[in-house]
There are 2 protein chains.
Amino acid sequence: MDYKIKSRIWIESENNVLLGEGRVQLLKAINETGSLSKAAKSINISYKKAWGLLDSINKSAKKPVTINSVGGKGGGGAELTDYGKALILAFDDINKNCWEFLDTQLEKIESL
Amino acid sequence: MDYKIKSRIWIESENNVLLGEGRVQLLKAINETGSLSKAAKSINISYKKAWGLLDSINKSAKKPVTINSVGGKGGGGAELTDYGKALILAFDDINKNCWEFLDTQLEKIESL
DNA sequence: TTTCGTTATGTTTGTATATATATAACGATT
DNA sequence: AATCGTTATATATATACAAACATAACGAAA
């Protein structure tokens with residue numbers, strides 16, 4: 001019965017999106033599966049979309065977020081760099097803080 | 001060259017969207033023009049879309065946000081209630097505070 | 001040198017959303 | 001009762017986006 005406040009945050013670099021909730025979710029899945037194709041399956045998006053997102057991420061970031069290898073043992077794979085891992089931790093932290101902050105602001109609507 | 005952090009916030013009521021940036025923009029235009037059709041034109045959206053948004057707003061809100069009249073002098077019109085005016089002020093206030101808060105958080109990304 | 005599963009990419013198909021168009025209903029004013 | 005610009009609504013068209021499909025390139029290992 002009460003109002004709820006919701007939000008989406010994202011990080012941009014030179015007008016390109018670096019990180020958003022979907023991109024962070026993809027990076028987490030890559031970290032867990034070790035490959036882009038498995039990560040895409042695990043979060044139910046097409047490989048093509050996942051590839052486009054990851055490509056955009058690495059083009060926008062100041063430092064590489066993943067290392068992708070093609071061919072070789074197991075066909076290749078993708079793994080997060082230390083920078084990539086730190087980014088998703090920082091993003092989650094900011095996002096959580098944002099939710100908490102907004103919850104304190106909601107009273108301004110409820111009390112009208 | 002630096003990263004930027006952006007956000008969108010919105011208010012929901014029983015899983016229906018009450019207010020978001022687009023809806024607030026529409027309400028402001030209604031307040032300035034006195035009619036839904038003129039408001040739609042002024043923000044470059046179709047009347048149908050504007051009508052759907054306004055209908056959704058009034059169905060989600062606890063109290064009426066606009067009073068719409070049909071027929072009569074000038075054909076009718078739409079105007080904000082006091083509740084509607086208060087809502088857009090509160091929304092803008094929360095949104096601005098959210099931006100400022102997020103700017104303080106961005107350093108967590110920049111410093112990586 | 002053949003195999004394998006992956007990254008990388010293009011092309012086609014499908015779907016959801018927005019736009020355009022059309023029309024009815026309304027009621028104060030003339 | 002005729003007019004007017006608006007709200008209210010349905011339907012058809014167009015557009016943007018996502019998904020599906022297909023295929024080439026890769027390189028370690030057998």
Side-chain angles (χ1 to χ4, degrees), chain A residues 8 10 12 15-17 19-61 63-81 83-84, chain B residues 8 10 12 15-17 19-61 63-81 83-84:
Chain A
R8 301 216 99 169
W10 66 96
E12 289 188 6
N15 294 327
N16 298 315
V17 176
L19 285 184
E21 286 187 18
R23 289 164 192 241
V24 165
Q25 193 185 13
L26 175 63
L27 291 179
K28 286 177 179 172
I30 290 172
N31 201 33
E32 286 162 8
T33 61
S35 98
L36 180 55
S37 63
K38 283 178 190 152
K41 275 206 187 83
S42 78
I43 61 175
N44 289 317
I45 63 174
S46 65
Y47 174 82
K48 187 179 174 66
K49 179 171 181 182
W51 183 86
L53 287 173
L54 184 56
D55 186 57
S56 168
I57 291 169
N58 279 315
K59 279 180 177 154
S60 306
K63 294 191 274 184
V65 174
T66 65
I67 302 289
N68 310 326
S69 61
V70 50
K73 173 191 171 190
E79 59 178 359
L80 297 195
T81 61
Y83 184 61
Chain B
R8 301 216 99 166
W10 66 96
E12 289 188 6
N15 295 327
N16 297 316
V17 175
L19 284 185
E21 286 188 20
R23 289 165 191 240
V24 165
Q25 193 185 15
L26 175 63
L27 292 180
K28 286 177 181 173
I30 290 171
N31 201 34
E32 287 162 8
T33 61
S35 98
L36 180 56
S37 62
K38 283 178 191 153
K41 274 207 187 82
S42 78
I43 61 174
N44 288 316
I45 63 174
S46 64
Y47 174 83
K48 186 181 174 66
K49 180 171 182 181
W51 183 86
L53 287 172
L54 184 56
D55 186 57
S56 168
I57 291 169
N58 279 314
K59 279 180 177 155
S60 306
K63 295 191 275 185
V65 174
T66 65
I67 302 290
N68 309 327
S69 62
V70 50
K73 172 192 174 191
E79 59 179 358
L80 297 195
T81 62
Y83 184 60

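Proteins come first, then strands; the chains are lettered A, B, ... in the order of their sequence lines, and each starts at number 1.
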(message) I need the full list of side chain to side chain donor-acceptor pair (under 3.5 Å) pairs touching residues 40-51 of chain A, with sequence neighbours left out, sorted by first then second residue.
(response)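 Counting only pairs at least two positions apart or across chains, no side chain to side chain donor-acceptor pair (under 3.5 Å) contact touches residues 40-51 of chain A.
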
Mind calculating the distance between [atom1] ([X]) and [atom2] ([N]) to the nearest angstrom?
| X | N | atom1 | atom2 | value |
| --- | --- | --- | --- | --- |
| A:K49 | C:dT9 | NZ | C1' | 18 Å |
| B:K73 | C:dT30 | NZ | P | 9 Å |
| A:L54 | C:dT7 | CG | P | 9 Å |
| A:I67 | C:dT7 | CD1 | P | 14 Å |

(request) Evaluate the side-chain proximity of B:K63 to B:T81: yes if any heavy-atom separation is below 4.5 Å, no if none is. (result)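 Contact flag for B:T81/B:K63 side chains = no.
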
(request) List the protein contact pattern of nucleotides 21-26 of chain C with one symbol per nucleotide (5' to 3'): B for base contact, S for sugar-phosphate-only contact, - for none; contact means a heavy-atom distance under 4.0 Å. (result) -----B

(request) Supply the atom-to-atom distance B:L36 CG to B:L27 CG, rounded to the nearest 0.5 angstrom. (result)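 Going from CG on B:L36 over to CG on B:L27, the span is 10.0 Å.
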
(request) Supply the atom-to-atom distance A:T66 OG1 to A:L26 CG, rounded to the nearest 0.5 angstrom. (result)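 A:T66 OG1 to A:L26 CG: 9.0 Å, rounded to 0.5 Å.
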
(request) Name the residue closer to the 5' end of DNA chain C, choosing between A:W51 and A:G77 according to the nucleotide with the nearest heavy atom. (result)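 Looking at DNA chain C, the more 5' nearest nucleotide goes with A:G77.
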
(message) Testing A:I43, A:N68, A:L54, A:V65 one by one against A:I30 for a side-chain contact (heavy atoms from CB on, under 4.5 Å), which residue passes?
(response)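 Only one of A:I43, A:N68, A:L54, A:V65 forms a side-chain contact (heavy atoms from CB on, under 4.5 Å) with A:I30, namely A:L54.
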
(request) Using modelled atom types only, decide if a donor and an acceptor are shared between the side chain of B:R23 and the backbone of B:V17 within a distance under 3.5 Å. (result)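 Confirmed, B:R23 side chain pairs with B:V17 backbone.
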
(message) With a 4.0 Å cutoff (strictly under), does any side-chain N or O of A:N68 reach OP1 or OP2 of C:dA8?
(response)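 Yes.
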
(message) Give the residues of residues 20-44 of chain A touching DNA chain C, defined as any heavy atom closer than 4.0 Å, sorted by residue number.
(response)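 Per residue number, the list reads A:S35, A:L36, A:S37, A:K38.
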
